[in-house]
A.B. asks: 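Questions regarding the structure given below will be posed in turn.
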Amino acid sequence: MTDLTQSLFGVEFHSPVLLASGTCGYGPEYADLIPLDRIGGLVTKAVSVEPRVGNPPHRVAETPGGMINAIGLENVGLERFIAEKLPWLKENLTRAHAFVNVVGYTSDDFAAVVAGLDGEEGFLGYEINVSCPNVKGGTMFGTDEIALAELVKQLRAETQRPLVVKLTPNVADVGVFARICEENGADGLSAINTFPGMLIDVERRRTVIGNRTGGVSGPAILPMGVYSTWRARAACNLPIMGIGGIRNGNDAMQYILAGACLVQVGTASFVDPDAAICVHEGIASYLEDHGLPTLTELVGALENEGISGLPS
Amino acid sequence: MTDLTQSLFGVEFHSPVLLASGTCGYGPEYADLIPLDRIGGLVTKAVSVEPRVGNPPHRVAETPGGMINAIGLENVGLERFIAEKLPWLKENLTRAHAFVNVVGYTSDDFAAVVAGLDGEEGFLGYEINVSCPNVKGGTMFGTDEIALAELVKQLRAETQRPLVVKLTPNVADVGVFARICEENGADGLSAINTFPGMLIDVERRRTVIGNRTGGVSGPAILPMGVYSTWRARAACNLPIMGIGGIRNGNDAMQYILAGACLVQVGTASFVDPDAAICVHEGIASYLEDHGLPTLTELVGALENEGISGLPS
Amino acid sequence: MLTTRTDLHGVSGADSRADHRTGHRAPHRVTPCRSRARVTSRRRVADDTWWIELDSPEIAAASQPGQFVMFGLGLEEPGVFLLPRPFSVAWRSEDGRVGLLLRVFGEGTRRLARLEPGDEALLLGPLGRPFRVAPGRPIECVAGGVGLAPFIFLTAEATAASNSAAGPSAGASVRLLYGERSERLLFDSDLLHELTGVTPELFTEDGSAGRRGFVTAGIEDGSEALLLACGPTPMLHAVVRLAAERGRELQVSVEEHMACGIGTCQGCVVPGADGSWIKSCVEGPVFDATELTWPI
Amino acid sequence: MLTTRTDLHGVSGADSRADHRTGHRAPHRVTPCRSRARVTSRRRVADDTWWIELDSPEIAAASQPGQFVMFGLGLEEPGVFLLPRPFSVAWRSEDGRVGLLLRVFGEGTRRLARLEPGDEALLLGPLGRPFRVAPGRPIECVAGGVGLAPFIFLTAEATAASNSAAGPSAGASVRLLYGERSERLLFDSDLLHELTGVTPELFTEDGSAGRRGFVTAGIEDGSEALLLACGPTPMLHAVVRLAAERGRELQVSVEEHMACGIGTCQGCVVPGADGSWIKSCVEGPVFDATELTWPI
Ligand SMILES: Cc1cc2nc3c(=O)[nH]c(=O)nc-3n(C[C@H](O)[C@H](O)[C@H](O)COP(=O)(O)OP(=O)(O)OC[C@H]3O[C@@H](n4cnc5c(N)ncnc54)[C@H](O)[C@@H]3O)c2cc1C
Ligand SMILES: Cc1cc2nc3c(=O)[nH]c(=O)nc-3n(C[C@H](O)[C@H](O)[C@H](O)COP(=O)(O)OP(=O)(O)OC[C@H]3O[C@@H](n4cnc5c(N)ncnc54)[C@H](O)[C@@H]3O)c2cc1C
Ligand SMILES: Cc1cc2nc3c(=O)[nH]c(=O)nc-3n(C[C@H](O)[C@H](O)[C@H](O)COP(=O)(O)O)c2cc1C
Ligand SMILES: Cc1cc2nc3c(=O)[nH]c(=O)nc-3n(C[C@H](O)[C@H](O)[C@H](O)COP(=O)(O)O)c2cc1C
Ligand code: FES
Ligand code: FES
């Protein structure tokens with residue numbers, strides 16, 4: 001039997017597969033559909049200090065090989081998250097771990113969420129979302145080296161819990177931002193969030209998405225996510241959660257070989273709620289088929305790593 | 001009858017559709033397959049001062065909803081381009097216009113190509129490729145504001161011909177780079193080049209692409225291209241060639257409504273060599289179906305442009 | 001593996017949606033079923049319009065009129081990525097088939113319309129809040145286009161109920177008004193009668209069949225029947241206006257883009273009467289007209 | 001609309017490819033045809049392996065053994081994006097059908113294998129440089145796996161030619177060695193004989209049919225026949241080594257990922273003997289072994 005267990009962020013992850021932020025709510029809906037404790041965990045929808053109403057419809061639409069969304073980080077806000085959502089996570093997750101996805105307009109906003117949550121139970125750590133393309137200033141921290149460094153430093157001071165920063169691919173070099181996170185005390189990285197995109201209804205001559213622009217996710221961005229993971233891995237030593245377009249074990253193994261130790265499944269769950277379970281099983285089969293007892297040795301294990309790749 | 005003619009770059013484009021750089025060679029192969037003079041023109045494969053051998057195979061592979069390539073800007077170099085390729089363009093294109101896609105490692109490299117070509121016949125202008133993710137330093141100029149400004153200024157001094165800069169989407173804000181091009185004398189923009197990506201063969205544990213990383217193109221990037229076009233349009237007044245994932249009239253109209261006056265068809269031509277013709281015809285049908293006599297009034301004509309898009 | 005809890009959504013109208021402690025709406029909780037369903041038949045019932053039956057006993061058993069399914073191809077189809085699309089449950093059979101009425105609009109419906117008998121699809125459902133009709137209450141259904149779908153189910157169930165009750169008022173309690181742009185889009189009327197036992201009052205905008213004009217013209221003056229409406233947004237607006245003018249109680253089934261269908265993505269919001277955004281997949285798709293904001 | 005210029009690529013081996021003025025290779029120019037082709041039949045000929053015939057008179061007429069087509073679905077298929085894939089022309093009929101031998105490897109071939117009779121596909125071809133065989137020259141074909149495809153075409157044409165020539169040496173001039181991993185992958189031998197008139201010498205790695213071992217074991221010692229090889233890379237390497245050792249003339253058909261198939265994308269390069277990259281779609285897929293660099 002293969003064992004997918006890894007020790008990460010001070011705990012055991014018995015599966016490398018998590019549900020991605022914004023695609024699994026705060027947990028209960030998927031618990032009706034899949035046994036959450038069979039996967040590694042989930043990342044909640046973004047939580048901000050104040051409740052947010054979000055963007056007008058349409059908020060989602062399909063794009064070639066993927067989808068676009070502009071939810072606008074609608075969420076119940078810190079207070080109600082603690083009162084109404086955290087208790088469910090605490091009571092219902094046993095082996096699965098929860099990360100809380102955190103957003104804010106200012107670094108103090110982020111810090112307030114972390115400070116407000118830190119004494120609570122029901123979750124493992126934070127995924128700091130500096131990479132949402134669907135709100136004004138949503139990627140500000142994710143594309144500004146100095147602002148990101150300050151933010152990570154400030155949050156590090158607020159908590160001992162795992163602090164994972166979710167990167168945006170929307171920069172010249174993800175590696176630079178990965179390194180900044182490491183240098184300022186982050187414990188891990190998530191790569192990647194969505195790409196800014198626009199879809200136009202040519203009959204109505206309007207953008208399909210109410211917010212006009214949105215974030216593109218799904219299989220379409222798989223190669224960009226694998227690339228970003230590989231860049232981040234080359235630039236720093238933090239554990240990485242690979243995200244973007246993962247539908248099956250093969251997709252997940254690409255991220256793992258590129259350097260991710262965990263993976264997150266987002267859009268694919270909309271196509272099939274069983275997606276995360278299939279990804280988990282696909283990874284397990286890969287190990288079995290190749291006679292590999294553990295996952296750890298595969299993380300970043302590209303055979304042509306280091307080969308120059310230039311013609312003779 | 002609808003008329004798709006537009007006056008741009010000092011000439012008439014009787015069709016807004018061009019073949020994208022790197023996907024149509026230097027012209028002759030497609031001339032065997034489609035009547036090139038029915039479309040607006042083509043952009044040649046990149047030309048550098050010296051010949052380049054390019055990257056090792058595999059150089060292309062399919063990705064979800066698109067493809068990845070790392071040709072490595074293989075090309076015959078300036079001298080042989082003038083001797084062997086330009087004459088064909090001069091003799092065979094009547095109504096269609098050619099842009100020469102120009103690359104270089106240094107700004108002097110770029111300038112040498114422009115200077116070397118400027119006295120020749122057979123092409124209309126230049127598309128300056130500061131956005132190739134498949135060679136070391138390929139996007140250097142496209143992601144560095146100061147370097148880009150200097151480059152555009154230097155090239156402007158070399159030529160009176162249309163000078164179009166091809167942007168990379170791989171930056172925090174395409175608009176910033178669009179404005180830099182305008183301020184430094186460019187005549188137009190092309191948006192966008194490919195996204196850096198990676199594909200891994202999990203059986204062999206190697207990257208599929210010999211160069212390891214490549215550029216992702218095709219339908220998968222359509223919403224990102226439309227978005228970049230819209231951003232560039234908002235940031236400056238230059239005419240824009242919209243590129244990325246265009247397969248049909250609907251896709252092209254999205255770019256046009258977002259602000260492009262011309263569009264380029266790349267990957268789709270691989271799937272069907274008739275793609276550019278179909279795109280042309282699709283745009284014509286759109287105008288006819290909507291009783292619109294000319295294309296110009298549709299450029300950037302989004303109805304919800306300027307609407308805040310925020311919930312009540 | 002998964003149990004469906006039909007008891008949670010009664011047809012009594014009694015399910016309380018406002019959580020008065022927090023002042024916030026509690027979503028309508030159903031436990032949907034993920035069902036790999038084989039297409040058992042497909043027939044063309046009008047221009048670009050198909051009647052598709054799939055074998056899905058769990059969903060057939062648990063569904064109520066007004067609920068919907070997410071209908072897609074799953075992740076296995078080579079070279080295809082398709083988000084599932086929402087479709088009203090339009091019918092069910094005792095032997096576990098679910099009927100869907102599908103009209104081709106764009107890429108997604110074009111692909112789904114190609115499914116042939118024997119092909120497998122992925123269904124998730126039943127989802128959302130159904131129509132809420134107190135037993136015995138007369139109803140008037142206003143269907144525009146494929147908005148007919150939930151009313152096929154509803155009228156079929158009503159006919160079955162009144163047949164088994166066999167009371168004297170049976171048959172009088174359900175009116176079905178059905179409008180289309182033109183005759184060539186009208187659902188095959190023989191099949192419709194076969195499925196529902198009801199003969200609809202037909203309207204076409206161009207007068208090519210039934211009465212000429214909008215379906216709303218058929219809404220009875222002075223009736224006290226509960227109005228139920230499903231169809232394109234302009235039609236819904238017209239019905240809402242008319243119901244408000246005449247003081248009629250109205251439930252509408254709304255359409256918004258959806259990704260998950262189960263309340264997690266927050267993609268499907270519609271404007272609530274209090275100015276908030278409401279998730280139509282879990283709190284709808286059927287709303288009391290007064291729960292939402294409508295343009296005046 | 002498009003004319004095919006079969007005269008440009010003779011079987012005479014005389015087409016000069018090196019442009020001596022510049023010292024650079026001039027690509028083999030063929031004018032391919034874009035053909036919306038209907039699948040006329042599909043049959044399973046081995047595990048995961050299909051014989052597909054398509055109606056494409058232009059391509060059938062212009063093709064020569066060793067040439068290939070780009071085989072895809074075009075841009076119309078809803079929800080599907082698929083680059084076309086290269087396939088050897090494996091057969092042609094007088095009435096304009098083209099036969100392809102397709103084995104499922106990944107997503108693309110999985111999708112293409114689903115095409116059913118009546119479905120439309122898009123073919124671009126014929127493409128590339130064919131095998132070059134001087135008239136009357138004896139040949140020995142070495143086929144590994146679906147590398148059999150071009151040799152079905154070649155042997156069928158040779159049989160037809162020798163039948164019409166009806167000379168005494170007819171039939172003796174073509175040997176076909178065909179290897180597979182195992183019997184269940186072997187092309188249906190009745191169909192193969194029906195198509196080609198030739199009975200291949202079979203090899204399987206596991207000995208489940210024919211001789212046990214690699215197909216290269218069948219290459220005749222001391223023969224002067226022209227060697228032609230098509231198959232997986234390790235097999236090609238073995239044949240190249242053997243031909244070099246024995247001083248045999250060898251043409252190989254190579255496989256590299258392709259996007260355009262017509263020489264524009266520069267995606268399909270293989271290493272030339274002079275260290276340069278050569279586009280296999282226009283200068284190949286058939287090369288003299290000496291034109292390329294091989295691992296030692
Ligand atoms: C609760 C509910 C029940 C429905 N029941 C039926 C039914 O019984 N029969 C029927 O034919 N149609 C029904 N629809 C509408 C059907 O879902 C749409 O026609 C379909 O989603 C359009 O997809 P497309 O790809 O063909 O169209 P496109 O316009 O190409 O779709 C583009 C994007 O918009 C979304 N979209 C477009 N129109 C709609 C719409 N009206 N509703 C939701 N999303 C949309 C798609 O999901 C996709 O993401 C229902 C919709 C809802 C919300
Ligand atoms: C000139 C030529 C002739 C061929 N003739 C035949 C034939 O007659 N019968 C047959 O079954 N196969 C033939 N092949 C191989 C066939 O093209 C591949 O099996 C097919 O492209 C694999 O696609 P896939 O999506 O199933 O595989 P995947 O491995 O999923 O493909 C991933 C990517 O790699 C490319 N790729 C993978 N393997 C190959 C390959 N061997 N050659 C080219 N591209 C590849 C695909 O195009 C795609 O971009 C031929 C290849 C060439 C170059
Ligand atoms: C509907 C939707 C909502 C999302 N909301 C969030 C969010 O609140 N916070 C966040 O960090 N990422 C959010 N994301 C991004 C995903 O977590 C993930 O990074 C992205 O979708 C790429 O993964 P995928 O291709 O598997 O979906 C959202 C994505 C979708 C599709
Ligand atoms: C095989 C290949 C080669 C390319 N070569 C070049 C190039 O030399 N110069 C350039 O500016 N862009 C090059 N591109 C990018 C395209 O011109 C275009 O910007 C991109 O592919 C997006 O358009 P598409 O989705 O329609 O293909 C290349 C793209 C492909 C697929
Ligand atoms: S469709 Fe996802 S919340 Fe309603
Ligand atoms: S496949 Fe494009 S050049 Fe050969």
Side-chain angles (χ1 to χ4, degrees), chain A residues 19 22-35 42 45 51 53-76 80 83-84 201 208-210 214 217-220 245 247-248 251 266-275 278-279, chain C residues 1-5 19 21-24 26-27 29-36 70 72-77 79-85 105-108 111 122-124 127 254-272 275-282:
Chain A
L19 300 175
T23 65
C24 58
Y26 303 100
E29 294 85 356
Y30 273 99
D32 287 345
L33 284 162
I34 62 171
L42 60 84
K45 178 70 192 167
V53 291
N55 292 326
H58 305 313
R59 287 180 171 185
V60 293
E62 192 168 287
T63 62
M67 66 176 283
I68 184 168
N69 90 79
I71 307 301
L73 300 179
E74 171 171 342
N75 80 91
V76 295
R80 284 184 54 212
E84 298 166 24
D201 179 335
V208 172
I209 294 296
S217 63
R247 294 158 301 177
N248 52 40
D251 295 343
T267 303
S269 294
F270 300 150
V271 180
D272 186 343
D274 270 4
C278 297
V279 170
Chain C
M1 186 181 79
L2 293 161
T3 56
T4 48
R5 291 179 279 166
D19 177 338
R21 194 171 47 82
T22 63
H24 287 278
R29 281 294 294 280
V30 293
T31 303
C33 178
R34 172 191 179 276
S35 163
R36 272 236 147 263
M70 295 299 281
L73 304 171
L75 290 163
E76 301 285 291
E77 203 64 16
V80 176
F81 173 85
L82 199 76
L83 285 179
R85 302 290 197 263
F105 279 100
E107 287 272 289
R111 180 63 187 80
L122 191 65
L123 296 181
L124 184 69
L127 300 168
V254 301
E255 285 188 11
E256 184 45 69
H257 291 200
M258 293 181 178
C260 72
I262 58 171
T264 65
C265 77
Q266 313 193 62
C268 60
V269 295
V270 292
S276 68
W277 296 116
I278 305 182
K279 290 189 265 190
S280 63
C281 70
V282 283

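Computed from a prediction, not measured in an experiment: that's the story for all the values here.
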A.B. asks: Looking only at non-hydrogen atoms, find the nearest pair between A:E29 and C:G263 and report the distance.
C.D. replies: OE2-O, 3.9 Å
A.B. asks: Which bit of A:V208 comes within less than 4.5 Å of chain C, counting heavy atoms only: side chain, backbone, both or neither?
C.D. replies: side chain
A.B. asks: Please round to the nearest 0.5 Å and tell me the distance separating atom NZ of A:K45 and atom CD of C:Q266.
C.D. replies: 5.5 Å
A.B. asks: What part of C:L73 is in contact with chain A, defined as an atom under 4.5 angstrom from a non-hydrogen atom: side chain, backbone, both or neither?
C.D. replies: neither
A.B. asks: Quick one: which of C:G106, C:P84, C:A259 has the most heavy-atom pairs under 4.5 Å with chain A, could you say?
C.D. replies: C:A259
A.B. asks: Taking all non-hydrogen atoms of both residues into account, name the closest pair between A:V271 and C:L122 and its distance.
C.D. replies: O-CD2, 3.4 Å
A.B. asks: C:E256: which residues meet the side-chain hydrogen bond (donor to acceptor under 3.5 Å, both in side chains) condition with it, sequence neighbours left out?
C.D. replies: A:H58
A.B. asks: Might you point out which heavy atoms bring A:D272 and C:R34 nearest each other, and give the distance in Å?
C.D. replies: OD1-NE, 2.6 Å
A.B. asks: Heavy atoms only: give me the nearest A:F270-C:L83 pair and the separation to one decimal.
C.D. replies: CB-CD2, 4.1 Å
A.B. asks: For chain A, find which of C:C268, C:G267, C:G72 contributes the most heavy-atom pairs closer than 4.5 angstrom.
C.D. replies: C:G267
A.B. asks: How close do C:W277 and A:R59 get, counting heavy atoms only, and between which atoms?
C.D. replies: CD1-NH2, 3.4 Å
A.B. asks: Could you work out, with salt bridge (charged side-chain N to carboxylate O under 4.0 Å, His left out) as the rule, every residue matching C:E255, not counting sequence neighbours?
C.D. replies: none
A.B. asks: Any idea which heavy atoms bring C:L75 and A:A268 closest together, and the distance?
C.D. replies: CD1-O, 4.0 Å
A.B. asks: Do C:L124 and A:L33 have side-chain heavy atoms sitting under 4.5 Å apart?
C.D. replies: yes
A.B. asks: Do C:C260 and A:T23 have side-chain heavy atoms sitting under 4.5 Å apart?
C.D. replies: no
A.B. asks: What part of C:M70 lies closer than 4.5 angstrom to a heavy atom of chain A: side chain, backbone, both or neither?
C.D. replies: neither
A.B. asks: Working to the nearest 0.5 angstrom, can you tell me the gap between C:H257 NE2 and A:M67 CE?
C.D. replies: 11.0 Å
A.B. asks: Relative to chain A, which segment of C:R36 carries a heavy atom at a distance below 4.5 Å: side chain, backbone, both, or neither?
C.D. replies: neither
